[in-house]
Every structure is written in C-alpha cells, then in structure tokens.
Chemist: 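Quick one: the structure is below, and I'll ask about it shortly.
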Amino acid sequence: MKLKSLKFTALALGALTALASLPAHAGKTLDAIKQRGQVVCGVNTGLAGFSQADSNGNWTGLDVDYCRALAAAILSDATKVKWVPLNAQQRFTALQSGEVDVLSRNTTNTLNRDASLGLHFVGVSYYDGQGFMVPKGKVTSAKQLKGATVCVQSGTTTEKNLTDFSRANNLNIKPVVFEKVEAATNAYFSGRCQAYTTDASGLASVRAKEAKDPAAHVVLPDLISKEPLGPMVRRGDDEFFAIAKWVLNGLIEAEEYGITQANVDQMKSSTDPQIGRMLGNTEDLGKHLGLDKEWLARSLKAVGNYGEIFERNVGPKTSINLPRGRNNLWTNGGLMYAAPLR
C-alpha cells in the first residue's frame, strides 16, 4: 500500500509539473485583441498627467502609458491602442459591457467595486489620497472648512469620503455635486465653492492646467482617505487578467533592477538571473501568459520602467510637480512593491 501510495504521489507530482510547464491557453479577451489588432483602453476624459489628449488627439499620461505597455506586450506595437474617454459614471459599465478591454482611469480599489461589479483590480499604479484645494491664504487645514461649500464630482469615492469626513469632524460641509469633473473645477475657479476636493494628484493636475494663476491656490496637507489607484479588467477571463497584472508588475520590477527604456537591449546580456528571466534571455516567462518571451522587453522599450513613467508624466520636472513619496520603490521607502517575475 505504501509503495502504491508513493507511486501515485510521484505520478501526481509529475502531472502537476507537466501542467505547470505548458503554455497558457489564450483567453477570449486576448483572442479578440489579436483579431482586431488593438487594445481598447478606457481612460479619463482629461486629467493632465494621467490621461489627456492634445489638440491632435495624441494621448499622454501615466494611465495611458500602462495601456501602451499592454499593447506592446500583446501586439508588439505600443501604438495599437484605441482610446475611449470615459467619465466617472460611464467607466464601470463600459468595462462590464465589453466596450473596453481594460479600464486605466485613476480608479480606486475598494471592496464594493472589487466584489460586486464583476471586475478585477489589476494592481496599484498610483498610491493616492483625497485632499482639498482652496484659495491661498483662506485656510490651512481641512478641519477649518466648517460650514464650507465644497465642489465634488458624483459617482466617485470622493463624494462619500467627503460626507464621512464632515460627519466624523462635525463640520457640516455643504457638498456642491457635479456629474462631470470639468463642471466641478469650473465651479470652484469661478468662486461658487470655497474648496474643491478630489484625489491629491487630481488637485495638482487641475491647479497646474486649469487655474489662471496656480500660485493663487493651495492643496492642503490633509489627506482624508486612502486611494490606491489602478487598472481594472473584467472577471471571467483569468488569462487576460494575468497578462494585465504581470505587465504592471514588470514595469515596477524593471525599475528595481535598473532596466530602462534606453538600456533594455544592453541588459539582455546581464549575468543577473532575474534580469535574464524578465527580458527572456534565460527563461521564457511569456509562455505562461500566452505571450512570447520578449513581451516585457517590448513594453519597457515602448514606455520605460515605472519610475520613468512617473517622472515623465507627473514628476517634479513636470507642471504637475508631484514627489515620488509613497509611490517610490519599497527599497527607497515607498510602497511600490512588485510580485516577483519568476
């Protein structure tokens, strides 16, 4: 009996090993993307630094670069993306219905969204928190906004957070709610509201791009919530979920190992075993995703690693002027920590 049991265990382990080494089966979303030759990406209608189109229809931003990386990994061409601008109310329905393949639109991961919408969060691409913007010299803390009118967008975590913050601190804040972010920002800058609230990154973006005099407005230091932002995909397609997740992890881990947009080819000859795995030089990790071994190398050539994406779109050298802060690598005191590519 013991011998039979040992033989059975050995056979079972052998079968599991064989299954683990098989290439991934392509999911329906991946098949559709390859057939149409485009990744359809849902983005913000216009949030500088994250997703915004210029007068020629060219999209840029941190969320935009994630979709370009995804297209490079799957289709070997970062330009093969169809951009679908979505407001806060449209975004989840567009993903649920299949109008878009992926939602990369400064969206917060919450229990309700993760558990009840039929969607999966891919991971965190930006750690944020909700803040307040006010005219300079008026107040220095959010707790001084007692009885104030505050502009806020509906259909967001921001609206509920504002209500919770007001009740918890007995502030009797009066929300002035708008469906579109453009209407909310216009109302604030026209003086209809005494403050404007959204994610702190969004406030920095709005102040830099929309204010006639950015120096006349300040973002208060208070953060009243946790807002882990990241891409989303539909449930029910584990193969595409895995691709979307590991592209994000790959961009983060590449920064940790010093792989940049400029040195990808040079790094392929590295003797570091992890770099060899990531760039497909010593192992083929792509087969587990239904991709080829060059998938991550192409993504990095297209947009660079996470640090490069951050610096180019929202970093201190841009008009958005955001510090890395909590979005720094874990090795530099931040929260960015990629699951290992191995």
Side-chain angles (χ1 to χ4, degrees), residues 29 32-107 122 125-126 153 155-156 178-186 189 198-199 201-212 214 229-233 244 247-248 251 261 298-304 306 308-315 317-322:
T29 306
I33 289 171
K34 288 182 175 179
Q35 186 173 0
R36 84 167 79 92
Q38 281 185 319
V39 173
V40 184
C41 181
V43 291
N44 199 303
T45 53
L47 182 64
F50 288 84
S51 54
Q52 187 177 50
D54 63 17
S55 58
N56 296 317
N58 298 313
W59 286 85
T60 56
L62 188 146
D63 289 337
V64 165
D65 278 345
Y66 169 76
C67 286
R68 293 194 196 282
L70 200 57
I74 296 171
L75 299 171
S76 302
D77 189 340
T79 68
K80 299 296 186 182
V81 184
K82 178 182 178 182
W83 307 104
V84 180
L86 300 167
N87 63 32
Q89 289 74 28
Q90 297 167 329
R91 55 184 165 173
F92 300 125
T93 303
L95 183 56
Q96 291 164 335
S97 67
E99 181 184 349
V100 299
D101 300 315
V102 58
L103 181 68
S104 187
R105 189 202 173 281
N106 58 295
T107 298
V122 169
S125 58
Y126 190 91
Q153 188 183 8
T156 63
F178 299 88
E179 181 177 337
K180 295 183 178 181
V181 65
E182 295 84 0
T185 56
N186 288 338
F189 287 123
T198 188
D199 295 343
S201 63
L203 295 174
S205 173
V206 166
R207 182 178 62 176
K209 297 297 182 180
E210 306 296 335
K212 291 181 180 178
L229 311 179
M232 299 183 76
V233 296
V247 165
L248 179 58
L251 297 174
Q261 189 173 26
R298 288 194 300 271
S299 293
L300 293 169
K301 279 188 177 182
V303 299
Y306 178 80
E308 291 178 288
I309 293 169
F310 184 100
E311 294 301 326
R312 178 169 62 246
N313 292 298
V314 298
K317 294 181 181 179
T318 69
S319 60
I320 312 301
N321 191 27
L322 292 172

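Side chains are part of it too, since the values below use all heavy atoms of this structure and drop only hydrogens, waters and symmetry mates.
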Chemist: I need the L103 CG to F92 CZ distance, nearest 0.5 Å.
Modeler: 7.0 Å
Chemist: Hey, does the side chain of N87 reach the backbone of Q89 with a donor-acceptor pair shorter than 3.5 angstrom?
Modeler: yes
Chemist: If every non-hydrogen atom of V314 is compared with every non-hydrogen atom of G49, which pair is closest and at what distance?
Modeler: CG1-O, 3.3 Å
Chemist: In Å and rounded to the nearest 0.5 Å, what is the CD1 to CZ distance from I309 to R68?
Modeler: 11.0 Å
Chemist: Enter the distance from D65:CG to E308:CD here, rounded to the nearest 0.5 Å.
Modeler: 10.5 Å
Chemist: Do L251 and L300 have side chains that get closer than 4.5 Å, going by heavy atoms?
Modeler: yes
Chemist: Checking the side chain of Q261 only, and the main-chain atoms of A302 only, is there a donor and an acceptor separated by less than 3.5 Å?
Modeler: yes
Chemist: To the nearest 0.5 Å, what is the distance between CG on N313 and CD1 on I320?
Modeler: 9.0 Å
Chemist: Let me see the working for D54 and T60 under side-chain contact (heavy atoms from CB on, under 4.5 Å), right down to the final yes or no.
Modeler: CA-CA 8 Å; D54 63 17; T60 56; over 6 Å; no
Chemist: Do N106 and N44 get their side chains close enough for a donor-acceptor pair, meaning under 3.5 Å?
Modeler: yes
Chemist: Does A244 offer a backbone N or O that forms a donor-acceptor pair with the side chain of Y66 under 3.5 Å?
Modeler: yes
Chemist: Could you name each residue pair satisfying salt bridge (Lys or Arg N to Asp or Glu O under 4.0 Å) that touches residues 91-105, not counting sequence neighbours?
Modeler: R36-D101
Chemist: Do V303 and R312 come within less than 4.5 Å of each other through their side chains, counting heavy atoms only?
Modeler: yes
Chemist: For the backbone of S125 and the side chain of Y306, can you confirm whether one donor and one acceptor N or O come within less than 3.5 Å of each other?
Modeler: yes
Chemist: On a heavy-atom basis, which atom in K209 and which in A48 lie closest, and how many Å separate them?
Modeler: CG-CB, 3.2 Å
Chemist: So which heavy atom on V64 is nearest to which on W59, and how close?
Modeler: CG1-O, 3.7 Å
Chemist: Can you classify the ring geometry of Y126 versus F50 as parallel (below 30°), tilted (30 to 60°) or perpendicular (above 60°)?
Modeler: perpendicular
Chemist: Roughly how far apart are T107 OG1 and L86 CG, rounded to 0.5 Å?
Modeler: 9.0 Å
Chemist: Quick one: does any side-chain atom of D199 pair with a main-chain N or O of S201 as donor and acceptor, under 3.5 Å?
Modeler: no
Chemist: Tell me, with the steps shown, if T45 and E182 meet side-chain hydrogen bond (donor to acceptor under 3.5 Å, both in side chains).
Modeler: CA-CA 9 Å; T45 53; E182 295 84 0; 3.2 Å; yes
Chemist: At their closest point, which heavy atom of A208 faces which heavy atom of P214, and how far apart are they?
Modeler: O-CG, 4.4 Å
Chemist: Side chain of Q153, backbone of E179: donor and acceptor closer than 3.5 Å?
Modeler: yes
Chemist: What are the two closest non-hydrogen atoms of A71 and V39, and how far apart are they?
Modeler: CA-CG2, 3.9 Å
Chemist: First locate atom SG of C67, then atom CD of Q38, and finally report the distance between them rounded to the nearest 0.5 Å.
Modeler: 12.0 Å
